[in-house]
Protein chains: 2
Amino acid sequence: MMQLSYTEENYLKALLKITYESGKGQAGTNELATHMDLKPATVNDMLRKLKEKGFISYQKYGKITMLEPGKLKAIEIIRKHRLWETFLYKKLEFTWDEVHEVAEQLEHIQSAKLVERLAKFLDFPEFDPHGDPIPDENGLFKVKHKKTLSEVGIGKKAKMVAVKDNSSLFLKYVMGVGLGLNNVIKVISKQDYDSLMVIEVNGKRSNVSLKFAENIYVI
Amino acid sequence: MMQLSYTEENYLKALLKITYESGKGQAGTNELATHMDLKPATVNDMLRKLKEKGFISYQKYGKITMLEPGKLKAIEIIRKHRLWETFLYKKLEFTWDEVHEVAEQLEHIQSAKLVERLAKFLDFPEFDPHGDPIPDENGLFKVKHKKTLSEVGIGKKAKMVAVKDNSSLFLKYVMGVGLGLNNVIKVISKQDYDSLMVIEVNGKRSNVSLKFAENIYVI
DNA sequence: AAATTTTGTTAGATTCGTCTAACTTATATA
DNA sequence: TATATAAGTTAGACGAATCTAACAAAATTT
């Protein structure tokens with residue numbers, strides 16, 4: 001398969017994310033543009049190109065779906081991204097919220113050998129520092145966690161296994177309430193009116209919003 | 001200082017190399033073009049740009065010299081390149097001749113924190129796998145070795161400390177004669193006519209050309 | 001010093017990824 | 001169902017980095 005540009009790789013990665021998260025396996029031009037912080041016109045041009053190259057399927061005014069080669073390429077980039085995040089976190093002592101930005105650059109380094117050696121060096125990790133699964137060399141990865149903190153009942157406990165929102169802003173907030181990967185959260189109360197929750201982590205109580213709770217995956 | 005493009009960084013790196021190696025601290029347009037495998041016209045445009053940005057000094061039909069900001073930037077890139085080479089070699093078990101190509105990509109990753117953490121992780125190495133010095137965070141580096149194998153007298157021994165030519169082709173050749181960093185080389189004979197040398201490394205004798213000998217640094 | 005060769009510059013074109021502005025099609029709503 | 005809004009497309013432009021072809025200046029040779 002021919003070499004993709006840095007830009008093309010980013011489109012495929014974004015498309016995989018959107019089509020996966022929509023549940024329907026499809027995406028729209030504007031949706032993609034918003035996600036990538038570009039104009040719809042720009043995205044439109046690229047879609048034509050990705051279609052010509054056989055990565056995606058779409059027709060004028062229709063929805064975009066990914067074809068197998070596009071999926072594989074996108075998964076490969078996600079694998080690299082998450083391996084680098086793991087490296088930064090585990091070996092270079094970066095914090096949870098710092099890794100993403102640098103990994104956005106590192107994920108585009110072209111060297112199959114590098115990826116496999118890095119995976120070996122890290123002892124073939126299955127999850128990145130945010131709890132997201134790292135696809136293996138065949139593109140297979142563990143099913144993503146589906147239950148969020150907002151679904152946990154009053155008085156129940158749950159273990160945080162991942163976050164949905166990987167933004168630095170959110171991650172700082174999460175750390176602010178003393179919460180980290182694999183921590184146990186107890187739901188103390190929920191207000192019906194505005195869904196504000198009181199949670200307890202390591203004996204510390206905090207008030208969190210519905211939005212917050214929906215961005216914390218638990219088991 | 002503003003962010004430089006990947007391309008601008010490569011020009012500065014090449015310029016530092018050329019001006020340094022010429023001994024006179026200057027370079028010409030064609031020389032740079034040849035070195036970077038570009039056309040002189042292309043280089044000419046970029047020189048105007050780098051001049052405007054204050055990285056280099058040159059005037060029409062004159063020679064190029066580097067200004068302090070240009071030198072600092074170039075040294076920073078060399079530092080990153082050599083740290084990554086060291087990482088690939090020491091931690092990911094890449095061979096001597098494989099590291100350069102991947103480091104050419106990694107050297108452009110933007111993150112001051114990454115560079116310093118990487119240096120710490122590698123225990124602040126002073127030389128890369130080719131024996132070249134790694135500048136420290138202030139841009140200072142050990143003086144490069146100047147004596148080559150071609151200058152070693154018959155019957156004398158010398159220790160290989162670096163290579164001048166970092167091409168994969170050359171490095172494979174070097175390894176082929178059983179030679180590696182810090183190995184002791186004994187010069188058995190030299191032919192006046194064509195400067196062919198017979199050398200001995202770890203008891204193994206080989207014939208090498210003048211060109212070969214000029215690309216091996218020794219002490 | 002004239003002629004030749006080498007070195008450097010300019011003008012104009014091309015590709016990539018982006019934009020804005022104007023337009024078209026599809027969807028939602030009154 | 002007609003209209004308004006949202007979503008998507010097209011045309012034309014631009015900056016960055018590259019090229020080729022033609023030209024100009026400097027250096028070298030005879």
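A, B, ... follow the sequence lines: proteins, then strands. Residue 1 opens every chain.
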Worksheet entry | Nucleotide-resolved protein contact map, nucleotides 1-12 of chain C, B/S/- at heavy-atom distance under 4.0 Å | ------BBBB--
Worksheet entry | Pairwise side-chain contact, A:P129 with A:L181, heavy-atom cut-off 4.5 Å (strictly under) | no
Worksheet item: Is any side-chain heavy atom of A:Y89 less than 4.5 Å from a side-chain heavy atom of A:T95?
Response: no
Worksheet item: Under the side chain to side chain contact (heavy atoms under 4.5 Å, CB included) criterion, do B:E31 and B:I18 qualify, and how do the steps go?
Response: CA-CA 8 Å; B:E31 195 184 0; B:I18 294 175; 3.3 Å; yes
Worksheet entry | Residue of the set A:I199, A:V208, A:L179 for which side chain to side chain contact (heavy atoms under 4.5 Å, CB included) holds with A:I216 | A:L179
Whole angstroms only, please: what is the [atom1]-[atom2] distance between [X] and [N]?
X     : N      : atom1 : atom2 : result
A:Q3  : C:dC16 : CD    : C1'   : 16 Å
A:M36 : C:dG17 : CE    : P     : 11 Å
B:Y6  : C:dG17 : OH    : P     : 15 Å
A:E8  : C:dG17 : CD    : C1'   : 10 Å
A:E52 : C:dT15 : CD    : P     : 14 Å
A:L4  : C:dC16 : CG    : C1'   : 14 Å
A:H35 : D:dA7  : NE2   : C1'   : 18 Å
A:L38 : C:dG17 : CG    : P     : 12 Å

Practice prompt. Decide whether B:E151 and B:T148 meet the rule of one side-chain donor and one side-chain acceptor closer than 3.5 Å.
Written response: yes
Practice prompt. Could you work out which one of C:dC19, C:dG17, D:dT20 sits closest to the side chain of B:K39?
Written response: D:dT20
Discussion item. I need the minimum non-hydrogen distance between A:P69 and A:F55, along with the two atoms involved.
Written reply: C-CD2, 3.8 Å
Worksheet entry | OP1 or OP2 of D:dA16 under 4.0 Å from side-chain N/O of B:Y11 | no
Worksheet item: For A:T7 and C:dC16, is the shortest distance between a side-chain N/O and OP1 or OP2 below 4.0 Å?
Response: no
Item to complete: Measure from NZ or CZ of A:K71 to the centre of the six-membered ring of A:Y20 and say whether it is under 6.0 Å with the direction within 45° of the ring axis.
Response: no
Worksheet item: Does anything in residues 102-112 of chain B pair up under side chain to side chain donor-acceptor pair (under 3.5 Å), and if so which pairs, sequence neighbours excluded?
Response: B:Q3-B:Q110, B:E9-B:H108, B:N10-B:H108, B:K13-B:E104, B:K13-B:E107, B:H81-B:E107, B:H100-B:E104
Discussion item. Let's see if you get this right: which residues in residues 12-19 of chain B place a heavy atom under 4.0 Å from DNA chain D?
Written reply: none
Fill in: Single hit among B:K90, B:R79, B:R82 for salt bridge (Lys or Arg N to Asp or Glu O under 4.0 Å) with B:D128
B:R82
